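The block underneath contains the structure these notes are about, expressed in structure tokens.
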Amino acid sequence: MYIAVTSGKGGTGKTSVSATLSLCAGKCTYVDLDVEEPNGFIFLGPEIRDEIRYTMPVPEIQKNRCTFCGACARACVYNALAVIPSLKKTMFFPGLCHSCGVCTYVCPEDGALTEIERGIGTIRTGKSGQITCIEGRLDVGQPSGVPLIGGIVENYLDKEALIFADSPPGTSCPVVEVLKKSDYVILVTEPTPFGLHDLKLTVELVKAMGKPAGIILNKVTGSDAGIDEFARETDIPVLLKIPYSMGIQEAYSRGIPLVDAMPGIKKEFTVLLETITAGGT
Amino acid sequence: MKVMIMVKENAGLDSRLDSRFGRAAYFLVYDTEKEKVLSIDENTFKNEDSGVGIKTGAFVIEKGCRAVVGAHTGPKISEILREANVTMIAETEGTVKEVLDRYKDQLQG
């Protein structure tokens with residue numbers, strides 16, 4: 001079962017929740033798909049067993065063979081290639097390339113366009129107790145984490161395993177990529193107008209994607225800022241409320257997982273997990 | 001020299017500048033020696049998803065323009081335009097007539 005942990009607003013506690021779920025589940029997989037700022041390994045401290053570069057095929061122009069006919073640029077729907085016959089130039093913009101391969105397919109010149117592998121990020125895997133830990137880390141300067149996220153989901157996750165995917169915040173392409181293959185989505189939010197506002201956006205997204213979802217309300221002090229009412233209206237259950245406490249914050253500031261700072265919460269997470277995996281809520 | 005000016009309407013020298021570069025409504029080409037508008041082309045790729053700047057950059061060069069006046073260009077268009085030593089003037093205010101007057105020193109030759 002693939003459970004995605006996401007949120008509209010940043011800093012609500014996705015990593016705290018997904019790391020704690022992993023620690024409560026025992027044998028499972030924790031995958032950090034927040035590839036622009038993966039930091040879940042700070043909580044879990046896995047022993048790294050493997051580190052590989054993630055690459056994508058991109059065209060490489062052989063200047064001496066290119067006739068500047070422009071077939072590649074016309075075929076590329078992403079406009080990742082520019083051909084300027086008057087300058088005898090063919091230019092490639094890797095940030096726009098989706099690795100579809102159409103340019104090398106349509107090129108009429110033998111060997112003028114070849115495919116090479118271009119690294120966009122690093123995938124680290126390891127173990128923390130019974131938890132299989134996977135992390136995607138996008139290279140600085142890469143315009144999109146989507147291919148790296150998709151590559152990890154496709155090739156690194158055992159479909160039979162219990163998986164907790166730590167998502168980036170928001171509702172844009174990287175989040176959609178994390179949610180695509182998920183069986184259940186946990187929406188972490190906080191009781192503030194900002195938390196509610198961004199929760200609404202995320203709920204729209206999960207509804208549009210047809211994913212079952214539940215809310216974890218973190219840092220609860222008193223008022224719920226209208227989250228409970230919104231949850232009732234949209235028929236999304238509030239699975240758990242985590243209190244705001246100085247003890248938790250202090251532990252967080254030292255990289256200590258929630259469940260270690262507040263052992264009593266383990267039972268609540270375990271019950272929550274049983275409900276979700278049993279197909280309830 | 002030939003200069004391309006990114007405009008939002010097809011109104012000759014009175015056309016107002018567009019606030020966008022690669023997604024401008026029209027591309028106007030003016031010849032500073034002949035002192036006349038050579039062409040106004042509708043931007044046929046302004047609604048494409050990505051890389052319109054790249055197409056626009058290639059279009060500027062293929063039209064033989066030595067200068068371009070429009071919104072501030074991003075890194076990809078700039079890279080293409082630099083290849084052909086095209087002078088880039090960032091300007092989105094006024095009409096073609098006003099712009100030609102405002103930048104006449106840079107648009108000579």
Side-chain angles (χ1 to χ4, degrees), chain A residues 56-64 66-104 106-107 112-113 118 120 139-148 150 172-174 176-177, chain B residues 1-4 6 18 20-27 29-33 38-39 41-88 109:
Chain A
M56 290 169 70
V58 294
E60 187 174 60
I61 303 145
Q62 307 302 325
K63 290 194 179 86
N64 53 342
C66 181
T67 60
F68 315 102
C69 71
C72 55
R74 283 191 297 277
C76 180
V77 294
Y78 308 104
N79 294 325
L81 286 149
V83 180
I84 304 157
S86 58
L87 298 176
K88 294 199 179 308
K89 274 268 175 199
T90 297
M91 297 169 83
F92 172 59
F93 296 88
L96 296 172
C97 180
H98 285 54
S99 298
C100 71
V102 76
C103 52
T104 48
V106 299
C107 178
L113 269 188
R118 176 171 160 272
I120 64 159
D139 287 352
V140 171
Q142 286 302 318
S144 171
V146 171
L148 176 59
S172 63
C173 302
V176 172
E177 195 67 23
Chain B
M1 73 159 88
K2 280 199 254 181
V3 50
M4 187 175 289
M6 285 27 196
D18 202 304
R20 298 155 303 173
F21 192 93
R23 293 183 196 274
Y26 296 90
F27 301 131
V29 178
Y30 184 84
D31 191 318
T32 56
E33 282 142 54
L38 298 182
S39 62
D41 287 295
E42 191 174 347
N43 181 353
T44 54
F45 37 82
K46 66 177 177 213
N47 292 324
E48 289 182 19
D49 288 340
S50 76
V52 292
I54 288 166
K55 273 200 165 162
T56 309
F59 183 72
V60 171
I61 296 165
E62 287 314 302
K63 277 276 186 178
C65 296
R66 308 291 304 143
V68 61
V69 184
H72 184 75
T73 50
K76 292 190 280 285
I77 314 179
S78 304
E79 191 183 331
I80 293 175
L81 295 178
R82 268 198 303 272
E83 285 286 337
N85 288 316
V86 174
T87 304
M88 290 170 259

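Lettering follows sequence order; numbering is per chain, from 1. On a predicted model such as this, the values are computed, not experimentally measured, just so you know.
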Which is it for B:F45 and A:N79 under the side-chain contact (heavy atoms from CB on, under 4.5 Å) test, yes or no, and what are the steps along the way?
CA-CA 10 Å; B:F45 37 82; A:N79 294 325; 5.6 Å; no

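Contact tally against chain B (heavy-atom pairs below 4.5 Å) for A:A73, A:C76, A:P85, A:A80: the top residue is A:P85. When each of A:L81, A:L87, A:V77 is checked for heavy-atom pairs under 4.5 Å with chain B, A:L87 comes out on top.
Using non-hydrogen atoms only and a strict 4.5 Å limit, the part of residues 92-102 of chain A facing chain B consists of A:F93, A:L96.
B:L81 contributes atom CG, which lies 5.0 Å from atom CE of B:M88 (distance to the nearest 0.5 angstrom).
Qualifying salt bridge (charged side-chain N to carboxylate O under 4.0 Å, His left out) partners for B:E48, counting only residues two or more places apart in sequence or in other chains: B:K55. A search for side chain to side chain donor-acceptor pair (under 3.5 Å) contacts involving B:T87 returns nothing, not counting sequence neighbours. The side chain to side chain donor-acceptor pair (under 3.5 Å) check on B:E83 picks up A:K89, with sequence neighbours excluded.
Remark: the backbone N or O of B:K46 is paired with a side-chain donor or acceptor of B:R23 at under 3.5 angstrom. Listed for the B:E33 side chain is a donor-acceptor partner under 3.5 Å among the backbone atoms of B:M1.
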